[in-house]
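On a predicted model such as this, the values are computed, not experimentally measured, just so you know.
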Amino acid sequence: MPVTFHIPGGLREFTGGRSRVEIDVSPATVAEALSALWTLYPGVRDRIATEQGQIREHINLFVGNEDIRYTGGLMTPVSAESQISIVPAISGG
């Protein structure tokens, strides 16, 4: 079963306008799922991760309703049919 990424509006130019991207691999972790996403859409990588491979500070990733910052980071387990949401932080004053 595929893992589905929910793509925010600001990144859709890198996914051919898609708001949802399904990957047909069976990743065990968020890191593996992201790697598969970046293989399909390489332009997304630099907007999500630093040169060292860490998630950028202003990007939040959720597996289901759980923020990966509290569930193991990039090593957070991913199961079949997981929904991964990419959520840019919004700030202002």
Side-chain angles (χ1 to χ4, degrees):
M1 295 292 187
V3 170
T4 302
F5 278 93
H6 295 276
I7 309 296
L11 294 178
R12 290 180 191 160
E13 67 181 280
F14 303 102
T15 60
R18 291 179 174 85
S19 62
R20 293 170 39 116
V21 172
E22 291 184 354
I23 56 171
D24 290 326
V25 297
S26 297
T29 64
V30 169
E32 290 176 13
L34 285 171
S35 180
L37 176 68
W38 295 334
T39 297
L40 293 172
Y41 301 103
V44 174
R45 185 191 189 288
D46 291 339
R47 277 75 184 173
I48 295 176
T50 65
E51 294 78 17
Q52 293 78 30
Q54 299 301 310
I55 301 303
R56 293 189 181 279
E57 195 172 319
H58 65 279
I59 297 292
N60 299 300
L61 292 174
F62 292 84
V63 175
N65 294 326
E66 299 293 325
D67 187 334
I68 70 162
R69 288 190 172 119
Y70 307 110
T71 59
L74 291 172
M75 299 315 295
T76 297
V78 174
S79 59
E81 298 187 25
S82 286
Q83 304 279 319
I84 302 174
S85 299
I86 302 168
V87 182
I90 299 174
S91 62

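Using modelled atom types, no side-chain atom of Ser79 and backbone atom of Ser82 make a donor-acceptor pair closer than 3.5 Å. The backbone N or O of Gln52 lies less than 3.5 Å from a partner atom in the side chain of Thr50, making a donor-acceptor pair. A distance-only check finds a donor-acceptor pair linking the side chain of Thr76 to the backbone of Thr71 [under 3.5 Å].
Rounded to the nearest 0.5 angstrom, Arg12 CZ and Ile7 CD1 are separated by 8.5 Å. Rounded to the nearest 0.5 Å, atoms CG (Asp67) and OG (Ser85) are 11.0 Å apart. Taking CZ of Arg18 as the start and CG of Leu40 as the end, the distance is 9.0 Å to the nearest 0.5 Å. With values rounded to the nearest 0.5 angstrom, Thr15 atom OG1 is found 12.5 Å from Arg20 atom CZ.
Residues His6 and Ser19 fail the side-chain proximity criterion, which asks for heavy atoms closer than 4.5 Å. Using a 4.5 Å heavy-atom cutoff, the side chains of Trp38 and Val44 are in contact. A 4.5 Å side-chain heavy-atom check between Phe62 and Gln83 finds every atom pair outside the cut-off. Contact check for Leu34 versus Ile23: no side-chain heavy atoms found under the 4.5 Å cut-off. Contact of the Val3 side chain with the Ile84 side chain is registered, since non-hydrogen atoms from C-beta on lie closer than 4.5 Å. By the 4.5 Å heavy-atom criterion applied to side chains, Arg47 and Phe14 are counted as neighbours. Looking at Ile55 and Ile48, their side chains come closer than 4.5 Å, going by heavy atoms from C-beta outward.
Atom CD of Glu66 has 12 or fewer heavy atoms from other residues, nucleotides or ligands within 6.0 Å.
Considering every non-hydrogen atom in both Pro2 and Glu22, the closest pair reads CG-OE1, 3.8 Å. The two residues Val25 and Ala36 come nearest to each other via the heavy atoms CG2-CB, 3.7 Å. The minimum heavy-atom distance between Glu51 and Arg56, with the atom names listed, is OE2-NH2, 4.1 Å. Residues Gly53 and Leu74 share a closest heavy-atom pair of O-CD1, 3.5 Å. Across every non-hydrogen atom of Ala33 and Pro27, the tightest pair is N-CB, 3.5 Å.
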Stepwise, does the side-chain contact (heavy atoms from CB on, under 4.5 Å) test hold for Ile59 with Val87? CA-CA 6 Å; Ile59 297 292; Val87 182; over 6 Å; no
Are Glu32 and Val78 close enough, and set up right, to give a side-chain contact (heavy atoms from CB on, under 4.5 Å), and what steps lead you there? CA-CA 9 Å; Glu32 290 176 13; Val78 174; over 6 Å; no
Worked verdict on Ile86 versus Leu37 for side-chain contact (heavy atoms from CB on, under 4.5 Å): CA-CA 12 Å; Ile86 302 168; Leu37 176 68; 4.2 Å; yes
